[in-house]
Amino acid sequence: MLSLSSLLRAARQSQASIPLKALATCVPRSSAKAQQFLTRLISSGSQAAHSPVHIEDEPYCRQRQLITLGNRVPVIAPDTWIAANAVVVGDVDLFDKTSIWYGCVLRGDLNSIRIGAFSNVQDKTVMHAARTSPTGLSAATTIGRYVTVGQSCVLRSATVEDEVLIGEKCVLMEGSLVENHCILAPGTVLPPGRLVPSGQLWAGNPAKFVRNLTKDEKAEIAGVASAVFKTTDKHRSEYLPVGTAYIQAEKLKKSLEAQQPSSQ
């Protein structure tokens, strides 16, 4: 059986995930501390419109997919797919049939980010754009068409041309440029200002030339990007217009209201 202190601590962190049976068995009515917490939980719904809720007591997710910063507004194509927990901030343009996967952050607060049609940014990748670049080149982050950016990559003020495959956990620093029909092996790190010429495979930290790509390898790059977008249909069909955390929270609140002694 859970202790009262551990239950209250879990309740403060996530009210929607408290097991109702555990709550009924672990919170004695003789406990003044428990009764005070339950009373505040029950009354929070009616008082929410009149009193601010502390961030630690907020039961629902406050994360947003699209965030506008002043005059920096995300521009999203109608058929773009953005995962529920991805965040797109500021001056970010996503063109036709792009996909931004789970946990990604695209932060265009200092400069612009552009992602071309049919490109995809996979899980937990971070894109940022510096205000200026020490190399003298553009500080914006620009991704071309049919580009696949693998999981957990970091791109800062980098330029990637059309039909490029970037492996997992790659790092592209300020002013780096990857020309079209290139592949970066997983874990590749491009220092500031590094140029990857067209049609080559690079790898390592720091990145070094490995070999030229074959015609078949170049032709497959666009197909990989197209295949990634096709998989978004299965994920898109499971999404709801709003979150569902409130459902469990409302069930919990009703259960607590039923446990309260009726006023005489």
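Side-chain atoms are counted along with the backbone in the values below, which use heavy atoms only and exclude waters and symmetry mates. Along the sequence shown, residues carry numbers from 1.
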Evaluate the side-chain proximity of Glu220 to Leu165: yes if any heavy-atom separation is below 4.5 Å, no if none is. no
Val224 and Tyr146, any side-chain heavy atoms less than 4.5 Å apart: no
For Cys182 and Gly199, the nearest pair of non-hydrogen atoms, with its separation, is SG-N, 3.5 Å
Point-to-point distance, once rounded to the nearest 0.5 Å, from CD of Glu168 to OG of Ser152: 8.5 Å
Passes salt bridge (Lys or Arg N to Asp or Glu O under 4.0 Å), Arg236 versus Asp79? Steps please. CA-CA 11 Å; Arg236 194 193 307 265; Asp79 53 359; over 6 Å; no
Which other residues end up in the same hydrophobic cluster as Leu69, if Ile, Leu, Val, Met, Phe, Trp and Tyr are linked when side-chain heavy atoms come under 4.5 Å apart? Ile67, Val87, Val89
Going through the checks in order, is the side-chain contact (heavy atoms from CB on, under 4.5 Å) test met by Phe95 and Val75? CA-CA 8 Å; Phe95 289 83; Val75 179; over 6 Å; no
Within the 3.5 Å criterion, strictly below it, is a donor on Thr159 or Thr142 matched to an acceptor on the partner's side chain? no
From CD (Glu250) to OG (Ser255), nearest 0.5 Å: 12.5 Å
Applying a strict under-4.5 Å side-chain criterion to I, L, V, M, F, W and Y, I'd like to know whether Ile166 and Trp202 cluster together. yes
Suppose we screen for ring-ring contact (aromatic ring centres under 6.0 Å, His included). Which residues come up paired with Phe229, at least two apart in sequence or across chains? none
Aromatic ring centroids of Phe118 and Trp81 under 6.0 Å? no
Check Ala83 against Gln65 and note the closest heavy-atom contact, atom names and distance. O-NE2, 2.8 Å
Ile183 vs Glu163 side-chain heavy atoms within contact, under 4.5 Å: no
How would you list all residue pairs meeting salt bridge (Lys or Arg N to Asp or Glu O under 4.0 Å) that involve residues 188-213, not counting sequence neighbours? Arg211-Glu217
Mind checking whether Val160 and Val196 sit in one hydrophobic cluster, side chains of I, L, V, M, F, W, Y counted as touching below 4.5 Å? yes
Assess the residue pair Asp91 and Arg114 against the criterion (side-chain contact (heavy atoms from CB on, under 4.5 Å)); give the C-alpha distance rounded to whole Å, side-chain angles, the decisive distance to 0.1 Å, and a yes or no. CA-CA 9 Å; Asp91 188 4; Arg114 304 286 182 270; 3.2 Å; yes
At their closest point, which heavy atom of Ser119 faces which heavy atom of Ile115, and how far apart are they? CB-CG2, 3.8 Å
Between CG on residue Asn120 and OG1 on residue Thr148, distance to nearest 0.5 Å: 4.0 Å
Are any non-hydrogen side-chain atoms of Glu179 and Leu195 less than 4.5 angstrom apart? yes
Could you tell me which residues satisfy salt bridge (charged side-chain N to carboxylate O under 4.0 Å, His left out) with Lys124, sequence neighbours excluded, listed by chain and number? none
Taking only distance into account, with no hydrogens and no angle test, what donor-acceptor pairs under 3.5 Å do side-chain atoms of residues 184-193 form with protein atoms, sequence neighbours excluded?
unit_1: Thr188; atom_1: OG1; unit_2: Ala185; atom_2: N; d: 3.3
unit_1: Thr188; atom_1: OG1; unit_2: Ala185; atom_2: O; d: 2.5

Spatial distance of atom CG (Leu94) from atom CD1 (Ile76) [nearest 0.5 Å]: 4.0 Å
In this structure, would Met127 and Val228 fall into the same cluster of hydrophobic residues linked by side-chain contacts under 4.5 Å? no
Are Val149 and Val164 linked, directly or through other ILVMFWY residues, by side chains that come within less than 4.5 angstrom of each other? yes
For Thr125 and Val154, indicate whether the former's side chain and the latter's backbone hold a donor-acceptor pair under 3.5 Å. no
At what distance, to the nearest 0.5 angstrom, does NZ of Lys218 lie from CG of Leu213? 6.5 Å
Calculate, to the nearest 0.5 Å, the distance between atoms OG and CG belonging to Ser157 and Leu172 respectively. 11.0 Å
Is it true that a side-chain atom of Gln122 and a backbone atom of Gly150 form a donor plus acceptor pair closer than 3.5 Å? no
Working for side chain to side chain donor-acceptor pair (under 3.5 Å), residues Thr98 and Thr80: CA-CA 5 Å; Thr98 55; Thr80 290; 3.0 Å; yes
Can you give me every donor-acceptor pair (side chain of residues 103-113, partner residue at least two apart or in another chain, under 3.5 Å) with its distance?
unit_1: Arg107; atom_1: NH1; unit_2: Asp109; atom_2: OD2; d: 2.7
unit_1: Arg107; atom_1: NH1; unit_2: His128; atom_2: NE2; d: 3.4
unit_1: Asp109; atom_1: OD1; unit_2: His128; atom_2: NE2; d: 3.1
unit_1: Asn111; atom_1: ND2; unit_2: Ala130; atom_2: O; d: 3.2
unit_1: Asn111; atom_1: ND2; unit_2: Arg131; atom_2: O; d: 3.4

Verify the cluster assignment for Tyr102 and Ile100: are they in a single hydrophobic cluster under the rule of side-chain heavy atoms below 4.5 Å apart? no
Restricting to non-hydrogen atoms, name the atom on Ile82 and the atom on Ala86 that form the minimum distance, rounded to 0.1 Å. CG2-CB, 3.9 Å
Any salt bridge between Asp162 and Arg145, counting N to O under 4.0 Å? no
